[in-house]
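Note sheet for the following structure.
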Amino acid sequence: MSIGLKKGTVAVEPHRMEWEESAQEMIARLKNICKDDLADAQHIGSTSIKSICAKPVVDIVAGVSSFDRIMKHNDDLKNHGIVYRRQDQPGQHLYVVGDSENQVQTHYIHVVIWKQEAWNNYINMRDYLNVHEEEAKKYAELKERLAREYPQDRIAYTNGKSACIARILRMADEWRSKTRGV
């Protein structure tokens, strides 16, 4: 398998360079469609961390100054296979790309307010784990264990990572604060 996972299932595989290529292609599509209404978009999530395994679904964070700036593009995005799914959590909207007929998801696009907490968390976690390989390794081991335990339960898999992610975010925020002054 290269990119894509059946909705609701969990599987992790070793890092693949094609994930970065796919992310950059999707970011280019987003920028082409949304133009100046998109402040920035970056590859995030486990597929952006080169030393660990990941679900083969590419995550992208799209930063906007207001959600209205992207919502006005929903029809055009949908025409390009980027489908609005829901408000994933307060202050965050989720778009999905994939093969809906076969229920395979290839990309998640998390739309957040640019340079606010959610944006910073995504970027900080990615950057922190790419620099701190031991922490990345611990996170990967947890992901592999949870994927084995919950291959058909994405919610349980995600919930099983939440305490670890919260810990990593605290460390990443502290690390980012120190590196800004350098």
Side-chain angles (χ1 to χ4, degrees), residues 1-12 19 22-49 54-126 139 142-143 146-147 149-166 168-169 172:
M1 182 180 298
S2 55
I3 297 177
L5 195 59
K6 189 165 179 74
K7 185 178 179 182
T9 64
V10 179
V12 295
W19 295 339
S22 182
Q24 294 312 314
E25 289 169 7
M26 184 58 62
I27 289 168
R29 284 172 59 190
L30 286 170
K31 288 180 177 180
N32 186 50
I33 295 165
C34 298
K35 310 255 186 272
D36 293 339
D37 291 324
L38 184 65
D40 195 5
Q42 294 194 29
H43 184 196
I44 56 158
S46 295
T47 58
S48 71
I49 302 164
K55 290 189 323 289
V57 178
V58 175
D59 286 287
I60 294 168
V61 64
V64 295
S65 60
S66 82
F67 293 118
D68 293 340
R69 303 280 308 250
I70 199 160
M71 294 297 177
K72 70 182 185 180
H73 297 283
N74 276 357
D75 288 340
D76 200 16
L77 289 164
K78 186 175 182 178
N79 289 338
H80 286 86
I82 304 167
V83 179
Y84 180 77
R85 186 161 171 195
R86 67 176 181 265
Q87 183 172 354
D88 201 32
Q89 46 191 292
Q92 189 166 157
H93 293 268
L94 180 67
Y95 289 76
V96 176
V97 179
D99 177 356
S100 60
E101 192 174 299
N102 292 308
Q103 295 190 350
V104 173
Q105 300 169 328
T106 60
H107 297 75
Y108 293 140
I109 300 166
H110 309 268
V111 179
V112 301
I113 301 300
W114 187 51
K115 292 195 174 182
Q116 296 298 314
E117 183 179 9
W119 172 272
N120 293 336
N121 284 345
Y122 282 125
I123 302 302
N124 289 348
M125 183 168 173
R126 176 201 63 199
Y139 182 52
L142 173 64
K143 290 164 56 67
L146 292 169
E149 288 178 26
Y150 304 109
Q152 300 297 320
D153 190 345
R154 179 90 52 100
I155 293 170
Y157 169 82
T158 301
N159 289 342
K161 298 185 307 177
S162 62
C164 181
I165 289 171
I168 292 168
L169 286 173

>> Could you check whether any side-chain heavy atom of L77 comes within less than 4.5 Å of a side-chain heavy atom of C34, counting everything from C-beta outward?
In response: yes
> Looking at residues at least two apart in the chain, or sitting in another chain, which of them share a side chain to side chain contact (heavy atoms under 4.5 Å, CB included) with E117?
Replying inline: N121
>> Just to verify, what does Y84 make a ring pair (Phe, Tyr, Trp, His ring centres under 6.0 Å) with, not counting sequence neighbours?
In response: H93, Y95
> Do you know the tightest heavy-atom contact between I113 and S65?
Replying inline: CD1-O, 3.9 Å
>> Holding to side chain to side chain donor-acceptor pair (under 3.5 Å), I want the full list of residues that pass it with R29, two or more places apart in sequence or in another chain.
In response: none
>> Run the side chain to side chain donor-acceptor pair (under 3.5 Å) test against E149 and tell me which residues pass, sequence neighbours left out.
In response: R145
> If you look at every heavy atom in L5 and K55, which pair is closest and at what distance?
Replying inline: CD2-CD, 4.0 Å
>> Minimum heavy-atom separation for Y150 and A156, please, with both atom names.
In response: CD2-CB, 3.5 Å
> For Y122, which residues count as a ring pair (Phe, Tyr, Trp, His ring centres under 6.0 Å) partner, sequence neighbours excluded?
Replying inline: H110
>> When you compare the side chain of I44 with that of I123, does any pair of heavy atoms fall below 4.5 Å?
In response: yes
>> The criterion is side chain to side chain donor-acceptor pair (under 3.5 Å); which residues satisfy it with D153, sequence neighbours excluded?
In response: none
> Among all residues two or more places apart in sequence or in another chain, which pass the side chain to side chain donor-acceptor pair (under 3.5 Å) test with S22?
Replying inline: H107
>> Run the side chain to side chain contact (heavy atoms under 4.5 Å, CB included) test against K78 and tell me which residues pass, sequence neighbours left out.
In response: V83
> side chain to side chain contact (heavy atoms under 4.5 Å, CB included) with A39: which residues, sequence neighbours excluded?
Replying inline: W114
> Would you say N102 has more than 12 foreign heavy atoms packed within less than 6.0 Å of its CG?
Replying inline: yes
>> Restricting to non-hydrogen atoms, name the atom on N124 and the atom on A172 that form the minimum distance, rounded to 0.1 Å.
In response: O-CB, 3.6 Å
> Closest approach of A62 and W119, non-hydrogen atoms and distance?
Replying inline: C-CZ3, 4.1 Å
> Are any of the side-chain heavy atoms of I33 and K35 separated by less than 4.5 Å?
Replying inline: no
> Between L30 and I60, is a side-chain contact (heavy atoms from CB on, under 4.5 Å) present by the stated rule, with each step listed?
Replying inline: CA-CA 10 Å; L30 286 170; I60 294 168; 4.2 Å; yes
>> Tell me whether N79 at atom CG has more than 12 heavy atoms from other residues, nucleotides or ligands lying less than 6.0 Å away.
In response: yes
> Which atom pair, heavy atoms only, marks the closest approach of A118 to V112?
Replying inline: CB-CG1, 3.7 Å
>> For D99, give me all partners under salt bridge (Lys or Arg N to Asp or Glu O under 4.0 Å), at least two apart in sequence or on another chain.
In response: none
> Considering only heavy atoms from C-beta outward, does the side chain of Q92 approach that of V111 to under 4.5 Å?
Replying inline: no
> Applying side-chain hydrogen bond (donor to acceptor under 3.5 Å, both in side chains), which residue pairs with at least one partner in residues 37-47 are found, sequence neighbours left out?
Replying inline: E20-H43, D37-R69, D37-K72, D37-H73, D40-Q42, Q42-R126, H43-T47, S46-K143
>> Could you walk me through whether K7 and T9 satisfy the side-chain contact (heavy atoms from CB on, under 4.5 Å) test, starting with their C-alpha distance in whole Å, then the side-chain angles of each, then the deciding distance to 0.1 Å, before giving a yes or no?
In response: CA-CA 6 Å; K7 185 178 179 182; T9 64; over 6 Å; no
> Can you name the side chain to side chain contact (heavy atoms under 4.5 Å, CB included) partners of V96, sequence neighbours left out?
Replying inline: R85, L94, Q105, Y108
> Is there a side-chain contact (heavy atoms from CB on, under 4.5 Å) between I109 and I82 once you walk through the steps?
Replying inline: CA-CA 8 Å; I109 300 166; I82 304 167; 3.7 Å; yes
>> Quick check for you: to the nearest 0.5 Å, what is the distance between W19 atom CH2 and I49 atom CD1?
In response: 11.0 Å
